[in-house]
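Step one of this worksheet: look at the structure below.
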Amino acid sequence: MPRDPLPSSGPPPRAATLRDALRRALRAGPATAKELSMDVGLRERDVAEHLAHLARSLEHRGEKLVVEPATCVACGFVFEDRSRLARPGACPRCRSTRIDPPVFRIEGASSDG
């Protein structure tokens, strides 16, 4: 005997977009791309692209994506002038690949709308 279908209470709730999820994760505190990847369920290599878009939308809310630059573990070089959000592959000074990744956070208005 076939089962009766479950009563429909409308469409399922809309899932948050990846960028909304990234915004919420960053509001919880500073995070690296790897940490954001695990929190949001996104490939780490895709986080930088989404963060770039998020940075633009945050400006409209009076907020700002702040990037604490990556640093070389071997020589201490700080990637201050780097505009790309992804972790650098190697240090330009010593060529080491031991790089601490950039850390991201949101500053500004705190409304969650």
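Along the sequence shown, residues are numbered consecutively beginning with 1.
Glu80 contributes atom CD, which lies 10.5 Å from atom OG1 of Thr71 (distance to the nearest 0.5 angstrom). Rounding to the nearest 0.5 Å gives a distance of 9.0 Å between CG of Leu54 and OG1 of Thr17. Rounding to the nearest 0.5 Å gives a distance of 11.0 Å between SG of Cys72 and CZ of Arg95.
What you find for Ser96 and Arg98 is that their closest heavy atoms are OG-N, 3.1 Å. Closest approach of Arg87 to Ile99, counting heavy atoms only: NE-O, 3.3 Å. For the residue pair Pro102 and Leu85, the shortest heavy atom distance occurs at CG-O, 3.6 Å. When all heavy atoms are compared, the tightest approach of Glu44 to Ser37 is N-OG, 3.3 Å. For the residue pair Ala90 and Thr97, the shortest heavy atom distance occurs at CB-CG2, 4.2 Å. Between Cys91 and Cys94, the closest heavy-atom pair is SG-N, 3.5 Å.
Between Arg105 and Glu68 a salt bridge is recorded (basic side-chain N to carboxylate O distance below 4.0 Å). Arg19 has no carboxylate O lying under 4.0 Å from a charged side-chain N of Glu49, or vice versa, which leaves the two without a salt bridge.
With contacts defined as side-chain heavy-atom distances shorter than 4.5 Å, the pair Leu58/Lys64 does not qualify. Taking 4.5 Å as the limit, some side-chain heavy atom of Phe77 sits within range of a side-chain heavy atom of Pro92. With contacts defined as side-chain heavy-atom distances shorter than 4.5 Å, the pair Pro101/Lys34 does not qualify. Taking 4.5 Å as the limit, some side-chain heavy atom of Leu51 sits within range of a side-chain heavy atom of Leu26.
Linking ILVMFWY residues whenever their side-chain heavy atoms come closer than 4.5 Å, directly or via other members, places Val40 and Leu65 in the same cluster. A single hydrophobic cluster is not seen to contain both Val103 and Leu22; linkage of ILVMFWY side chains at heavy-atom distances under 4.5 Å, directly or through other members, places them apart. In terms of hydrophobic clustering, with Ile, Leu, Val, Met, Phe, Trp and Tyr side chains grouped at heavy-atom distances under 4.5 Å, Phe79 and Val67 are assigned to different clusters.
By the side-chain hydrogen bond (donor to acceptor under 3.5 Å, both in side chains) test, Arg56 is found to be paired with His53, residues two or more places apart in sequence or in another chain being considered. Every residue meeting the side chain to side chain contact (heavy atoms under 4.5 Å, CB included) condition with Asp46, not counting sequence neighbours, appears here in chain and number order: Leu42, Arg43, His50.
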